[in-house]
Participant: 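I have a structure here, written as structure tokens, and I will follow up with some questions on it.
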Amino acid sequence: MDGFEELYQSIILDHNKRPRNFRMIQSCTACADGLNPLCGDEITVSVSIQDGVIVDIGFTGQGCAISKASASLMTVRVKGKKVVDALEDIRLLCNMLTDEATPSDSVLENLGDIAALSGVRQFHARIKCATLGWHTLESALLGRSERTSTESA
Ligand code: ZN
């Protein structure tokens with residue numbers, strides 16, 4: 001294991017153990033439920049948006065370590081960001097996880113802490129655990145009302 005892998009793993013473990021923003025936003029302006037039936041991960045993402053900016057975000061639910069750590073990293077990443085920029089982050093992260101090509105250093109640098117999820121690429125069955133929270137956030141931001149499932153897209 002090289003230094004980066006160790007760093008990445010410690011970020012995932014930390015976010016799984018102490019998930020950030022693990023709560024419902026009481027005054028949320030949008031929320032969405034997501035499900036990954038392959039693993040049994042369930043997540044609810046709630047956001048408070050003011051003037052096109054995500055002023056608060058929380059998530060609740062239950063699932064494996066990867067799904068929880070990924071959602072936690074996501075909340076830290078997008079809180080305080082414009083909705084358009086958060087949508088771009090969702091695209092970046094999902095592309096990084098699903099592209100055949102190994103992500104370049106500049107892509108990983110751009111992703112910051114969420115680059116820690118790149119290790120999941122090696123475990124194909126877990127990629128949907130890692131993308132669940134992000135797809136669910138996307139649904140909330142786009143105002144989709146039906147539950148997001150990793151198996152319906
Ligand atoms: Zn999972």
Side-chain angles (χ1 to χ4, degrees), residues 1-26 28 30-48 54 56-79 81 83 85-104 107-153:
M1 206 191 289
D2 66 23
F4 262 122
E5 276 181 66
E6 266 176 57
L7 171 67
Y8 285 171
Q9 206 162 61
S10 70
I11 292 172
I12 302 277
L13 290 174
D14 179 51
H15 277 265
N16 176 50
K17 207 167 162 188
R18 297 186 302 120
R20 318 300 197 272
N21 305 300
F22 191 70
R23 62 198 160 81
M24 274 295 281
I25 305 297
Q26 293 306 321
C28 65
C31 79
D33 296 318
L35 173 70
N36 173 17
L38 292 181
C39 180
D41 307 315
E42 287 180 16
I43 198 168
T44 299
V45 174
S46 53
V47 290
S48 176
I54 300 171
D56 206 358
I57 177 167
F59 78 101
T60 56
Q62 51 190 1
C64 65
I66 298 286
S67 68
K68 203 197 260 182
S70 181
S72 173
L73 281 159
M74 175 186 79
T75 62
V76 173
R77 172 80 175 192
V78 303
K79 196 169 177 178
K81 278 199 171 184
V83 169
D85 293 333
L87 288 168
E88 176 64 14
D89 279 345
I90 294 166
R91 197 184 62 78
L92 274 179
L93 188 274
C94 293
N95 284 352
M96 184 272 282
L97 286 173
T98 56
D99 272 1
E100 296 275 319
T102 306
S104 67
V107 166
L108 293 177
E109 201 171 302
N110 209 351
L111 290 170
D113 264 9
I114 58 173
L117 296 165
S118 61
V120 177
R121 286 170 49 86
Q122 302 163 49
F123 308 100
H124 211 254
R126 312 311 296 278
I127 290 175
K128 284 173 178 168
C129 303
T131 57
L132 176 65
W134 299 78
H135 284 311
T136 307
L137 172 63
E138 185 179 37
S139 294
L141 295 179
L142 298 179
R144 292 191 197 123
S145 55
E146 73 274 20
R147 183 156 79 163
T148 305
S149 173
T150 53
E151 295 312 293
S152 65

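All values below were derived from every heavy atom in this structure, side-chain atoms included, with hydrogens, water molecules and symmetry-related copies excluded. Remember, it's 1-based here, ligands and their atoms both numbered in the order they're listed. Just so it is clear, the structure is predicted and the values come from calculations on it, not from any experiment.
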Participant: Determine, step by step, whether Ser118 and Leu108 satisfy the side chain to side chain contact (heavy atoms under 4.5 Å, CB included) criterion, reporting the C-alpha distance in whole Å, the side-chain angles of both residues, the deciding distance to 0.1 Å, and the verdict.
Facilitator: CA-CA 8 Å; Ser118 61; Leu108 293 177; 4.0 Å; yes
Participant: Take Glu151 and Lys128 through the side chain to side chain contact (heavy atoms under 4.5 Å, CB included) test and state the conclusion after the steps.
Facilitator: CA-CA 9 Å; Glu151 295 312 293; Lys128 284 173 178 168; 3.1 Å; yes
Participant: What protein N/O/S atoms are there under 2.8 Å from the Zn ion (ligand 1), waters excluded?
Facilitator: Cys39 SG, Asp41 OD1, Asp41 OD2, Cys64 SG, Cys129 SG
Participant: Write out all pairs satisfying salt bridge (Lys or Arg N to Asp or Glu O under 4.0 Å) with one or both partners inside residues 94-103, taking only residues at least two apart or from two chains.
Facilitator: none
Participant: Who pairs with Arg23 by salt bridge (charged side-chain N to carboxylate O under 4.0 Å, His left out), at least two apart in sequence or on another chain?
Facilitator: Asp56
Participant: So does Asp41 pair up with Arg126, basic N to acidic O under 4.0 Å?
Facilitator: no
Participant: Using side chain to side chain donor-acceptor pair (under 3.5 Å) as the criterion, list what pairs up with Thr136, not counting sequence neighbours.
Facilitator: none
